[in-house]
Amino acid sequence: MASLSRLGVVAGFLAVAALCLPLADLATAGHDPWATLARMGRGFLSPDFSAIEQIARAVALTVAFAIAGVALGGIAGLVMAPFYRWRAVRGLAIALRSVHELFWALLLLQVFGISIWSGVLAIALPYSGIFAKVLSEILDEADRRPADWLGPRADPLTRFLWARLPLAVPQMVTYALYRVECGLRSSAVLGFIGLPTLGFQLDTFFRQGEYGAAGAVMAIYIALIATVRLWMRPRAVLLWLAASAVMLAQVTSPPMGQGALWRFLSQDIIPAPLRRGDPAALWPWLWELTTTAILPGLVATLIVAQLALVLAGAVAFLGQALIARRVTGRVGAAAGHLLLVILRSFPEYMLAYLFLQVWGPSMLPAILALGLHNGAIIAHLLGRQADGLRLRADAPRGLTLWGWEIVPRLFGPFVALCLYRWEIIIRESAIMGLLGIATLGFYLDDAIGELRLDRAIVILAATALVTVGIDALSRAIRARIGAGRVQVAPVGTAPGQATGC
C-alpha cells in the first residue's frame, strides 16, 4: 500500500475546504449581531439565579438521565464486548453508535412520547455500541497469561469471569467515568427536543430573552462538567444509580396510545409503497427521497463538516501553544486552559444554538461551533503531550520553542487526531439540521414532523452509512500516513478516550 505524506493530507483537506467555501451559506441575519452579543454578554457576566428551583431540577434530571443511560449502555456494551469479533455483533455495535443520540431520541419520542425511556434509551443505544468497541479493546489488551494458565478444560465463561475480566476492570471503570462526562453533554442536549434537562431550560430562557437566567444555566453547566470527576466516584456508583432511579421515577409524561411500539414497527417505518401493496412504486419513491432530501442534505453535511474540520485544525494548531507552559508561561497557560475547558465543555449543538441567536440560521453557527469545540479537544490533548516532551536543557522558550521544536514533533499526532475527530464532526454536522440548517438532520426532522417515519428511517440509514464510510476512510488515511496505530491519548487514559464524546 502506497504511503501518504502528512503534509499532503493536510494540503488535500485544505484544497477541498477551499472548493467548499463558495458553496457554503455563510450569510448572517439582518439584525445587528454585535448588539445581540452585547446583550448576551451582559447576561452571562451577571447571571440571574432567581429561577434556581427550576434550574436545580433540570440539573438533577440531566445527571439522572446521563447516569441511567450510561449504566444501561455500559451493561449492554459489556455483554457484547467478549463477542465483538463476531461479524453480527460488530455490525450491530457499529449500527448503534453511528446514529446520534438526538436522532435516536426523535425516533423514540414517536413510541414513548416525552418520557424517561425516550431520554435514557437515546443515550444508552449509541453508547452500548461505543462501550462494546472500547471494552473489547480493553479486554484484548489485558494480560492473557492467567487465562492460558486455566488450561483447555476451562469453559469460555469461566475463563472470561475469572481470568480476563478482573484484569480489565480498572481501565473499564476509568472509561465508564469518562463516558459519564460525555453522557452529561448528551443529556443536556436532549432538552432541546423537549426532555426536562438543562437544554430545555436554556432554550426557554433564550426564547424569553432572559439572558441573565441563561447565563446562570451555562455557569452551572460548566461547573457540573468541570467537577464531574470529584463527585462521580466509583465507590458512590450504586448510590448515584439509586438517586437517579428515584429522580426519574418522579417524571410524569402524557400517555401514548396503546400499541404505539407495534404500530411503529409494523406500519410507520414500512415504506409507503409497500404499505399500499404496490412494490413497483418502491424504486420511484426511493429515487424521489434521494434526490429531494438525502443528496441535498448530504452535500450540505459534507460542506459544513469539511469547513468545520479545517477550522478545528486551525484552532488546535494554535491552541496547543496556549496551554504549553514553556511557550506562554504559567499565567498564560492557565488562561489558555480555562478557555479550552469552556469551549470543550459545551456540546457542539449547544454552542451552535448560542451562535444561532447571534448570526441567524445559516451554516456559519454550525461551522463555528463544530470547529471551536473539536479544536479545543485536540488542542487540549496536544498541549498535554507538549508538556510531556523531553527537551534539551538549553531549549528556547516562547514561540521559538513552539515553532521549531513542538510543532515538528507533534505534527503527526495533530494530523491523526484531526482524522479521528472527522467522523465525529460528520455526525454532529448531520444533527445541526435540527436547528434549521439544511444538513441531513433538517430533512429527518421534517419527515418526522410530517409523521412520515418511513422516510425518516431511510434518511437515518443514509446518515449512518455516511458516518461509517467516513470512519473507514479516516482509518485508511491514518494507516497510509503511518498513524494507524499511533497512541494519541495521554498517558493513563483509556482506549478511545482521546477521540472525545
Side-chain angles (χ1 to χ4, degrees), residues 24-26 28-29 33 36-37 39-41 43-45 47 58 62 100-102 181-193 197-207 211 214-226 301 304-316 318-319 336-380 421-422 424-437 439 441-442 500-501:
D25 174 18
L26 303 178
T28 58
T36 305
L37 273 174
R39 290 195 300 270
M40 291 172 60
F44 296 161
L45 292 175
T62 299
H100 195 276
E101 301 92 277
L102 272 178
E181 182 179 332
C182 297
L184 290 171
R185 296 188 179 96
S186 300
S187 178
V189 167
L190 291 177
F192 287 98
I193 60 170
T197 62
L198 279 171
F200 181 81
Q201 293 296 327
L202 187 65
D203 186 30
T204 300
F205 291 137
F206 263 107
R207 290 179 185 275
Y211 294 125
V217 171
M218 295 174 66
I220 291 174
Y221 178 74
I222 291 176
L224 181 68
I225 294 293
T301 299
V304 169
Q306 191 64 35
L307 294 176
L309 178 62
V310 170
L311 177 60
V315 171
L318 298 174
H337 273 294
L338 178 61
L339 176 62
L340 295 184
V341 164
I342 293 173
L343 289 176
R344 71 175 189 268
S345 294
F346 280 101
E348 297 99 318
Y349 190 88
M350 191 178 290
L351 275 178
Y353 177 86
L354 297 178
F355 294 150
L356 194 69
Q357 315 305 312
V358 180
W359 287 290
S362 72
M363 291 182 179
L364 183 60
I367 293 169
L368 288 175
L370 290 163
L372 292 175
H373 175 81
N374 288 281
I377 290 175
I378 299 171
H380 167 71
R421 298 300 302 183
W422 190 19
I424 296 172
I425 290 174
I426 288 286
R427 289 175 71 243
E428 299 291 340
S429 297
I431 69 162
M432 293 300 170
L434 303 182
L435 293 173
I437 303 162
T439 60
F442 175 83
C501 303

Counterpart residues, side-chain hydrogen bond (donor to acceptor under 3.5 Å, both in side chains), relative to Tyr211 (two or more places apart): none
Starting at [atom1] of [X], measure out to [atom2] of [Y] and round the result to the nearest 0.5 Å.
X	Y	atom1	atom2	answer
Leu356	Leu364	CG	CG	10.0 Å
Glu348	Ile367	CD	CD1	14.0 Å
Tyr349	Leu435	OH	CG	4.0 Å
His380	Leu339	NE2	CG	13.5 Å
Thr301	Gln306	OG1	CD	12.5 Å
Ile425	Leu370	CD1	CG	6.5 Å

Between [X] and [Y], what is the shortest heavy-atom contact and its length?
X	Y	answer
Met350	Leu202	CG-CD2, 3.7 Å
Gly191	Thr197	N-OG1, 3.0 Å
Pro365	Gly360	CG-O, 3.4 Å
Asn374	Ala312	CB-CB, 4.0 Å
Ala352	Ala369	N-CB, 3.3 Å
Leu340	Ala379	CD1-CB, 3.9 Å

Would you check, one step at a time, whether the test side-chain contact (heavy atoms from CB on, under 4.5 Å) holds for Arg185 with Tyr221? CA-CA 9 Å; Arg185 296 188 179 96; Tyr221 178 74; 3.2 Å; yes
Is Phe442 close to Ile437 at the side-chain level, that is, under 4.5 Å between some pair of heavy atoms? no
Side chains of Ile424 and Glu428: closer than 4.5 Å at any heavy-atom pair? yes
Test side-chain contact (heavy atoms from CB on, under 4.5 Å) on Phe205 and Val217 and set out the steps. CA-CA 9 Å; Phe205 291 137; Val217 171; 3.7 Å; yes
Checking [X] side chain against [Y] main chain: does a donor-acceptor pair fall under 3.5 Å?
X	Y	answer
His373	Leu343	yes
Thr439	Ser429	yes
Ser362	Leu26	no
Thr62	Leu198	yes

Counting neighbours of CZ on Phe200 that are heavy atoms of other residues, nucleotides or ligands and sit closer than 6.0 Å, is the number greater than 12? no
Ser186: side chain to side chain contact (heavy atoms under 4.5 Å, CB included) partners, not counting sequence neighbours: Glu101, Ile123, Tyr127
Stepwise side-chain contact (heavy atoms from CB on, under 4.5 Å) test for Asp203 and Arg207: CA-CA 6 Å; Asp203 186 30; Arg207 290 179 185 275; 3.0 Å; yes
Pair Phe346, Met218 - check side-chain contact (heavy atoms from CB on, under 4.5 Å), show working. CA-CA 9 Å; Phe346 280 101; Met218 295 174 66; 3.6 Å; yes
Check the angle between the aromatic planes of Tyr353 and Phe192 and answer parallel, tilted or perpendicular using the 30° and 60° thresholds. tilted
